[in-house]
Amino acid sequence: MELFSNLALGFATAASPENLLFCLIGVLLGTLIGVLPGIGATATIAMLLPITFQLEPVSSLIMLAGIYYGAQYGGSTTAILINMPGESSSAVTAIDGYQMARKGRAGAALSIAALGSFFAGTVSTFLVALFAIPLTGIALKFGAAEYFSLMIVGLVSSVALAHGSVVKALAMVSLGLLLGLVGTDIYTGTPRFTLGIREYADGLNFVAVAVGVFGIAEILRNLEGEKTRSVLVQKVSGLWPTRDDFRRMAAPVLRGTAIGSALGILPGGGAILAAFASYTVEKRVSDKPEEFGHGAIAGVAGPESANNAGAQTSFIPLLTLGIPANPVMALMVGAMIIQGIVPGPNVASEQPALFWGIIASMWIGNLMLVVLNLPLIGLWVKLLTIPYYVLFPIIMAFCSIGVYSVNSNVYDLYAVAFFGLAGYLLVKLRCEPAPLLLGFVLGPLLEENLRRAMILSRGDPTTFITRPISATLLLIALAVLVIVFLPSVKAKREEVFQEED
Amino acid sequence: MKTLAFDSTNAICGAVFLILGGFFTYQSLTLDLGTALRMGPGYFPLLLALILMLLGIVVLVQSVRVSGEPLGPIALRGMAFILPAPVFFGLTVRGLGFVPALFFTALIAAFASSRMKPTMALMLAAAITLFSVAVFSYALGLPFQRFGPWVRF
Amino acid sequence: MRRLHLTRRRALAAGLSLAATLALGSPVLAEGFPDRQITMVVPFAAGGSTDVVARIVAQKMSDDLGQQVIVQNVAGAGGNLGADNVARAEPDGYTILMGTVATHALNPLILKSTPYDAEKDFAPISLLVVVPNVLIVNPELPVKTVAELVALLKAEPGKYSYASSGNGTPLHLSGELFKSMAGVEMEHIPYKGAGPALNDVIGNQVPIMFDNLPSSSGHIKTGTLRGLAVTTKERAPSFPEMPTVGESVPGYETYTWNALFAPAGTPPEVVARLNDAANKALADPAVAERMTEFSATIVGSTPEELAAHVKAEIAKWTPVVRDAKIQLD
């Protein structure tokens with residue numbers, strides 16, 4: 001059996017004392033930077049690139065991969081504790097995770113996130129090992145038309161993210177899409193909505209927008225009723241999930257893993273969509289959809305599993321084609337080149353120890369993360385008992401450093417302040433930031449692929465329904481639309497009388 | 001607020017959507033629209049901006065039918081100190097350098113809460129700065145100048 | 001205070017250097033430089049080919065200079081943001097730029113307004129490497145040579161598209177130059193960077209592309225992509241069998257280059273010290289090995305040669321940009 005010999009080779013490589021050490025350093029660093037709000041994996045890996053010059057290629061890539069998925073774990077921690085998502089995928093975790101924390105269930109939310117992620121990581125690692133090569137073929141069938149249709153599915157699903165008014169959620173998605181278009185139009189080079197500021201020519205920075213509309217808006221909200229409370233959470237009940245929690249997280253974790261593994265393979269936006277898609281599905285299938293947005297366990301377990309599964313399978317295009325799915329992967333390509341490895345389809349055959357070693361190390365790294373993070377949960381939860389007037393300056397300082405470290409662009413910092421204000425106003429107007437953020441991520445992809453598909457089809461719009469994968473996706477979007485809207489018409493009428501909240 | 005026959009929050013919200021939609025519509029119209037088959041840079045945003053305005057109108061119209069919760073207290077002090085903090089960091093990180101810029105950023109943010117005492121704020125800012133320099137500048141090696149040209153003699 | 005201090009030091013240093021040059025006939029290296037870390041600004045995202053070249057060279061330059069040369073990515077506006085940052089930086093040699101054909105030849109020609117002057121605002125340090133581009137097609141496209149591709153494009157004008165890493169990038173211009181010199185029609189499909197473009201060429205969503213040789217060499221070797229020709233005048237040492245585009249379309253030549261620049265007004269002896277460190281780094285066998293694997297050709301130069309090179313590149317691209325009618329805001 002070739003797979004077993006390959007996996008044996010992989011584990012033999014990854015389990016050497018040296019590589020275990022670098023894997024540990026990687027996940028520790030990743031967790032650290034993930035927990036510090038605003039600091040992303042991209043900046044850290046960029047800093048560490050020169051160090052990898054001296055290491056063995058396998059060791060350096062194992063370490064960089066560890067930072068990447070370690071940061072995913074850590075990012076969820078801040079999303080749950082202080083509503084500060086560091087990566088796009090943990091924006092979804094923040095919705096229900098932070099609500100759980102506010103109800104004193106931060107410990108349970110963190111454990112659920114960690115356990116769900118570990119399960120998803122394990123399954124998807126084996127998927128990578130088994131199907132990396134055939135799955136690549138599917139990803140390559142995705143052209144502009146297919147991506148456009150996929151984005152439509154994502155947008156339609158986003159309406160389900162909202163727990164308030166559907167109209168407002170749609171408006172927030174539209175606003176997010178528009179904000180996502182800020183920057184240079186790639187087809188003509190025309191700057192759009194940049195107000196003449198050259199620093200925004202490449203668009204608004206995701207971290208700046210996310211930190212602003214989620215984190216800073218939440219800080220401001222906490223500063224409102226100063227007289228009444230001084231800590232974020234008054235009582236913390238039970239660090240660990242109860243038996244009932246476990247029962248309720250099992251199915252969402254399974255579904256999240258499946259969704260994340262499937263969408264993670266698609267380069268460019270697949271992994272981002274996974275967490276959002278999982279949330280939509282969970283809310284749809286739940287028998288208590290009203291709990292979502294107020295601390296639903298499935299709203300943490302599903303997206304967290306999807307996000308981690310997607311993070312693992314997004315290595316597939318990198319490993320099999322040498323094509324980076326996101327900026328972190330681009331850095332890993334850079335690291336390979338510095339090491340003299342030309343990334344491409346030949347890596348698996350020419351460097352089997354490297355290829356399978358990285359895959360095996362992903363599972364080992366996930367195991368390390370769960371072992372590291374479960375005992376830390378008690379400590380994280382204690383953080384919540386720090387008076388918030390001490391916590392907020394710390395958060396602001398780290399945010400500033402983190403946002404600046406992405407591109408050394410001071411205008412990103414001004415964007416943080418602007419979106420903090422905007423996010424706060426929107427919260428006051430009872431609008432939710434999650435659909436805005438999804439729109440922001442999807443906006444450029446949607447337009448880019450729509451226009452590319454139209455150019456490629458030489459202006460024939462039937463391209464979206466004559467290509468089978470695209471047509472299937474559009475049908476799914478239609479189905480979601482019907483399911484989401486039918487019951488919501490009824491809910492809407494009730495809402496008119498009861499109002500949101 | 002309950003005496004008013006409409007939901008003031010949603011009325012403001014609808015108006016905000018309308019204004020934002022208007023802004024993007026105006027900006028899109030200054031761009032080349034192209035055709036549906038060969039879209040210009042303004043085509044897609046114009047479409048979205050019009051949808052946003054339409055939704056703004058819907059929210060506005062709906063707000064007349066019910067009375068809702070008022071806006072509630074607004075964190076004016078919080079806004080006055082939290083929002084300028086990252087702006088200050090941006091303005092000074094190149095000139096003053098990482099260490100002083102961060103110290104003052106933390107200090108400004110510290111005053112967002114009325115519970116913060118000046119000595120406590122100074123100590124907190126110093127502690128944050130020390131920790132950050134150790135972690136980001138030395139351990140992670142982020143490429144920031146610790147002291148910038150304005151303070152280097 | 002600081003201004004005065006600087007100018008005095010600079011005048012003194014310049015005087016010393018002049019005296020030393022007269023006395024010894026060779027430029028003396030700047031005394032006391034560097035006494036703190038040097039920032040090398042890369043005007044593109046980390047992980048790209050320019051970034052990789054920068055990191056390999058910065059590492060070796062650090063060893064020689066005795067101070068850390070750290071790489072800072074200031075990406076944005078096709079390289080203009082980073083270049084502009086360096087143009088406006090203190091001219092003391094502590095902030096230098098990893099410039100490219102984009103920042104120092106193409107952007108000033110393509111953009112209606114560039115915030116800096118590629119020649120006047122910089123003190124050239126040294127040319128580093130030249131990276132060939134390559135004309136690649138999906139293996140399902142029934143062509144094996146440049147001549148066959150030209151024949152196919154002429155037989156069905158307007159049917160085929162080519163991908164590039166973005167509007168106004170060196171790869172886009174390589175395609176436009178090819179179109180005008182070979183007299184063929186292809187629709188240009190821009191992407192955000194070479195990665196997604198390459199992905200669509202491998203998936204046969206778009207059949208043709210001009211790419212940097214390093215990023216597609218792995219695919220050419222394994223046959224997931226067919227390399228038709230390199231764009232340099234000479235064949236690439238890493239692919240001796242692959243012809244050049246110029247062999248079929250006489251006179252065709254494009255390539256990407258990387259070079260170090262300091263802000264204008266940097267003292268000549270500081271520039272000389274940096275030039276020396278850069279050229280020593282290029283001479284290092286480990287660096288040479290990395291660059292060869294990477295399909296980059298080590299060039300190296302004096303500051304004067306780089307100045308002349310920038311002038312020649314601008315002169316070369318001016319008619320291309322004009323004929324292709326590429327003009328961005």
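Chain letters run A, B, ... following the sequence lines, proteins first, then strands; residues in each count from 1. Every value quoted in this text rests on a predicted model; they were computed, and no experiment measured them.
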Hey, is CZ on A:F418 packed in by over 12 heavy atoms from elsewhere, all under 6.0 Å? no
May I ask you to check whether A:F398 and B:F131 place their ring centres under 6.0 Å from each other? yes
Select all residues of residues 26-34 of chain B having any heavy atom within less than 4.5 Å of some heavy atom of chain A, and report them by number, or 'none'. B:Q27, B:S28, B:L31
So B:R77 and A:L223, side-chain contact (heavy atoms from CB on, under 4.5 Å) or not? Walk me through it. CA-CA 8 Å; B:R77 186 190 169 103; A:L223 284 167; over 6 Å; no
With a 3.5 Å distance limit and no angle check, can you tell me whether B:R115 reaches the backbone of A:Y389 through a side-chain donor-acceptor pair? no
Flag the one option from B:V58, B:T105, B:I74 with the top tally of heavy-atom pairs under 4.5 Å to chain A. B:I74
Would you please classify the geometry between the B:F24 ring and the A:F193 ring as parallel, tilted or perpendicular, with 30° and 60° separating the classes? perpendicular
When B:G21, B:P86, B:G78 are compared by non-hydrogen pairs under 4.5 Å with chain A, the top option: B:P86
For B:F98, is it the side chain, the backbone, both, or neither that has a heavy atom closer than 4.5 Å to a heavy atom of chain A? side chain
Taking the side chain from A:K168 and the backbone from B:L55, do they hold a donor-acceptor pair closer than 3.5 Å? no
Please flag which part of A:I219 lies under 4.5 Å from any non-hydrogen atom of chain B: side chain, backbone, both or neither. side chain
Which atoms form the tightest heavy-atom contact between A:C431 and B:C13, and what is the distance? SG-SG, 3.4 Å
Is A:Y424 in contact with chain B via its backbone, its side chain, both, or neither, using a 4.5 Å heavy-atom distance? side chain
Heavy-atom pairs under 4.5 Å with chain A are the metric here; pick the option from B:V93, B:L54, B:V59, B:T35 that has the most. B:V93
Counting heavy-atom pairs under 4.5 Å with chain A, the top scorer among B:G42, B:G40, B:G56 is B:G40
What's the spacing between A:L220 CG and B:L83 CG if we round to 0.5 Å? 5.5 Å
Could you state the interatomic distance from CZ (B:F44) to CG (A:L446), rounded to the nearest 0.5 Å? 4.0 Å
Would you check, one step at a time, whether the test side-chain contact (heavy atoms from CB on, under 4.5 Å) holds for A:V390 with B:M120? CA-CA 9 Å; A:V390 174; B:M120 175 72 182; 3.7 Å; yes
For the residue pair A:R451 and B:P41, establish whether any side-chain heavy-atom pair is separated by less than 4.5 Å. yes
Could you have a look at B:V16, B:L48, B:I51 and say which one has the most heavy-atom pairs with chain A under 4.5 angstrom? B:L48
When rounded to the nearest 0.5 angstrom, what is the spacing between CE in B:M79 and CD in A:E224? 9.0 Å
A:L391 CG to B:L124 CG distance, which is reported to the nearest 0.5 Å: 10.0 Å
Nearest-0.5 Å distance, SG of residue A:C399 to CD1 of residue B:I82: 9.5 Å
Residue from A:K428, A:R458, A:M454 scoring the most non-hydrogen pairs under 4.5 Å with chain B is A:K428
Chain B contact via A:I216 - which portion, at a heavy-atom distance below 4.5 Å: side chain
Counting heavy-atom pairs under 4.5 Å with chain B, the top scorer among A:L450, A:I186, A:L425, A:V416 is A:L450
Side chain from CB out, backbone as N, CA, C, O: work out which of these in A:L178 comes under 4.5 Å of a heavy atom of chain B, or both, or neither. both
Tell me, out of B:F23, B:F17, B:Y43, B:F81, who's got the most heavy-atom pairs with chain A below 4.5 Å. B:F17
